[in-house]
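Inspection log for the structure reproduced underneath, given as structure tokens.
Atoms within a ligand are numbered from 1 in the order they appear, just like the ligands themselves. Residues: numbered from 1 along the sequence shown. Fair warning: this is a prediction, and the values are worked out from it, not measured in the lab.
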Amino acid sequence: MKLEALRKEYERFQLSEGEVDADPIRQFGLWFEQAIQSELPEPHAMTLATATPDGRPSARIVLLRGYDDRGFGFFTNYESRKGEELAANPWGALVFYWHDLERQVRIEGRVEKVDAEESEQYFHTRPMASRIGALASPQSQVIASRDVLESIFREYEQRHSDGVVPRPAHWGGYRVIPDSIEFWQGRPSRLHDRLRYTRLPEGGWMLERLAP
Ligand SMILES: Cc1cc2nc3c(=O)[nH]c(=O)nc-3n(C[C@H](O)[C@H](O)[C@H](O)COP(=O)(O)O)c2cc1C
């Protein structure tokens, strides 16, 4: 299969300045609900990009676990590679791709830890095995083998067989506080619609159209 033969025309929807919400978080909510209604697989999966202080980027998928006027939240291991990068350079970017809707959303901004209480609350909504997994996995570290990981898991499982699993201090949430959010809608002939909101210092948002 020649890669140049993989071509798709985007033609399902359009996006115009007149129709979008003045508030990008509400606009995100609208698109996110449509992604859920369309029964896309894991519409809350997003690419998170972070970078070292000297600008070397890294990216991976994480799951959106909440959004509101404060920003976009996800949970992870604070000692992971992303955690270390964010501790040294608190800027990040998120990308959603909703294939069937021919849509992409890009979010950029500072990334802050959510408060411990919020992490605590979310941690205890997770299934038992996920809570044990958070304890057992030294995320992003080199490990000797799968067996080692599974035996640490079993050890924690036994230790917490009463079902009480405390949140480890190294596990919790981050929030991306957006200063820019771009909505991309695929259109025919590669003349896609791109509307970008930029946060204004005095409050509110500026809306601009970008060339595709
Ligand atoms: C669909 C999907 C969802 C994921 N969700 C999360 C998540 O919410 N939190 C997380 O820490 N890792 C999640 N991961 C794993 C990350 O992509 C990554 O492997 C892990 O966070 C370690 O990344 P790092 O070494 O860059 O820190 C997910 C992976 C996939 C494919």
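Rounded to the nearest 0.5 angstrom, Arg131 CZ and Thr125 OG1 are separated by 8.5 Å.
Phe75 pairs with exactly one of Phe123, Trp171, Tyr174 by the ring pair (Phe, Tyr, Trp, His ring centres under 6.0 Å) rule, that one being Trp171.
Remark: Glu120 engages Arg167 in a salt bridge, criterion side-chain N to carboxylate O under 4.0 Å. Contact check on Arg175 versus Glu118 returns a salt bridge, with a Lys/Arg side-chain nitrogen under 4.0 Å from an Asp/Glu carboxylate oxygen.
For ligand 1, the 4.0 Å heavy-atom shell contains residues Glu42, Arg60, Ile61, Val62, Leu63, Phe75, Thr76, Ser80, Arg81, Lys82, Gln139, Ser140.
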Self-check item: ring pair (Phe, Tyr, Trp, His ring centres under 6.0 Å) evaluation trace for Phe183 with Phe28
Solution: CA-CA 8 Å; Phe183 296 86; Phe28 178 86; 7.1 Å; no

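Side-chain contact annotation: Ser161 with Gln158, donor-acceptor N/O pair under 3.5 Å absent.
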